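The structure under discussion appears below in the form of structure tokens.
Residue numbers begin at 1 in each chain, while the letters A, B, ... track the order of the sequences. On a predicted model such as this, the values are computed, not experimentally measured, just so you know.
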2 protein chains.
Amino acid sequence: MGIHERKEREKERRKEEILDAAQRVFFEKGLNSATMDEIAEAAELSKATLYLHFVSKEDLYLAVAIRGLGIAHELFKEAIDGGTTIVEKLNGVKKAYTTLFNTHRNYFRMFSFFQTPQFHKQVSDAMKDAFRVESNKNWEMIISFFARGVSEKRIRNDFDPVEMAIVIWSNAASLMSRIDSEAEVWKYRRNIDLNKTLETSFRLLIEAILTPEARLEYAELLRDEEKHIQFK
Amino acid sequence: MGIHERKEREKERRKEEILDAAQRVFFEKGLNSATMDEIAEAAELSKATLYLHFVSKEDLYLAVAIRGLGIAHELFKEAIDGGTTIVEKLNGVKKAYTTLFNTHRNYFRMFSFFQTPQFHKQVSDAMKDAFRVESNKNWEMIISFFARGVSEKRIRNDFDPVEMAIVIWSNAASLMSRIDSEAEVWKYRRNIDLNKTLETSFRLLIEAILTPEARLEYAELLRDEEKHIQFK
DNA sequence: TCTATTTACTGACTGACAGTAATACTTTAG
DNA sequence: CTAAAGTATTACTGTCAGTCAGTAAATAGA
């Protein structure tokens with residue numbers, strides 16, 4: 001009796017099709033300017049059908065954002081699995097986050113949207129939970145990596161690894177969102193390159209949490225990277 | 001010919017009345033849930049009249065937010081004028097920001113709203129400029145304070161004071177917005193008190209930018225505050 | 001194979017709400 | 001006293017999220 005399974009698969013595929021369409025429209029127009037009619041047309045379905053799969057426009061938006069969390073997860077996983085030492089991995093995570101920002105800008109914007117309290121009212125609890133679960137996977141990975149760094153004595157043990165992760169993360173996120181919306185203003189009015197500021201703050205905070213020996217290794221790694229850049 | 005002036009004043013007062021009403025409604029419901037009809041009713045005017053003074057709902061929202069920038073300005077001014085030493089002033093600024101967050105939460109939320117790219121489309125350039133001008137006054141004050149700290153050799157001179165200001169500011173803002181929306185989750189799931197995290201990151205960053213001598217003074221100041229808390 | 005039922009989908013509608021046009025009322029200027 | 005300018009309102013329009021009543025197709029049961 002595979003009919004039920006097939007139906008299930010088809011339903012799932014339809015959902016993905018809707019998500020594909022919604023993603024295209026949301027990426028282009030953002031949450032507010034995108035309309036459900038546009039998404040329906042992009043999906044080649046009637047608007048009412050969208051509501052058979054998602055309870056609201058905001059729900060649909062969040063479902064697209066969850067895809068972004070998956071991409072982020074892969075980037076972080078690659079970074080942590082890729083590096084040989086804790087310091088290398090940490091630098092890799094930093095780069096992964098920068099990549100997320102630079103090459104998946106649309107997803108990045110969606111994530112910050114989830115923060116605004118405005119947003120939450122119109123989203124189903126189920127979708128909110130789904131988002132939190134995915135988001136949590138990413139935090140879990142980062143936090144356990146930090147904890148490992150502490151146990152291997154490469155990251156200071158006089159701060160909570162969770163707190164260190166939150167601080168570094170939040171700092172980067174807020175600078176990035178400032179870059180996204182205000183980079184030209186700062187460049188023009190005060191001749192500040194916020195991208196450089198982001199790099200600097202990353203360096204400051206990473207140095208602040210490393211143990212003295214790890215800090216030396218990190219300095220060396222940065223010197224090597226510098227050299228690499230000069231050669232290209 | 002004072003008639004023109006009187007008219008001007010009356011128009012200004014009407015505008016303030018509308019702002020008062022809008023503020024009440026926006027604070028209670030947020031941008032999206034608030035309706036212009038509600039605001040009109042709260043202002044005891046017809047909706048069309050609102051549009052004689054503000055070009056859109058978003059414009060009105062931003063006009064309210066600008067009031068918040070004024071409050072922030074006063075708080076920072078008090079802090080900087082109040083302290084005797086650079087370190088004291090710096091600690092005062094930190095407290096001022098915390099006060100802004102804790103006792104003017106609604107304004108704080110409005111500020112972060114301005115960051116989202118979604119928002120900008122529906123706002124008139126005039127209002128955007130007005131917001132930037134006010135916002136700039138605050139930045140100006142903070143940045144020139146940092147610059148003074150550098151010239152008095154209490155703040156490190158190997159970083160750009162503007163960049164230091166941006167980093168500290170952004171870090172605080174992002175942690176606060178996380179506190180605003182996720183405090184319970186972090187407390188419940190990982191037993192993290194984000195308010196403590198905020199304090200820690202403030203301390204870390206402030207220590208990072210002070211010169212060695214100033215850092216000693218800061219440590220002492222924190223000890224005194226600690227004592228004070230125990231006595232109350 | 002015929003009929004009943006469930007599933008997937010849709011066109012047409014509704015209600016909410018931002019924004020506007022037409023019009024009335026009030027004050028000022030000549 | 002009247003024209004002009006300014007202030008306000010009522011009644012409207014257009015847009016859009018979300019819904020409802022119903023259709024068509026697939027499936028299950030006889």
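- For the pair B/K57 and B/F26, the NZ or CZ position fails the cation-pi test of under 6.0 Å to the six-membered ring centre and within 45 degrees of the ring normal.
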*If the sugar-phosphate is the primed atoms plus P, OP1 and OP2 and the base is the rest, what is the B/S/- string for nucleotides 7-18 of chain C, using protein heavy atoms under 4.0 Å?*
--BBB-----SB
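- Between A/F54 atom CZ and D/dT19 atom P the separation is 16 Å, expressed in whole Å.
- Partners of A/Y51 under the ring-ring contact (aromatic ring centres under 6.0 Å, His included) rule, at least two apart in sequence or in another chain, do not exist in this structure.
- Both tests pass for A/R105 against the ring of A/F101: distance under 6.0 Å to the centre and angle within 45° of the axis.
- Remark: the backbone N or O of A/T98 is paired with a side-chain donor or acceptor of A/N102 at under 3.5 angstrom.
- Figure legend: A/R24 and A/F27 shown without cation-pi pairing, the cationic atom not lying both under 6.0 angstrom from the six-membered ring centre and within 45 degrees of its axis.
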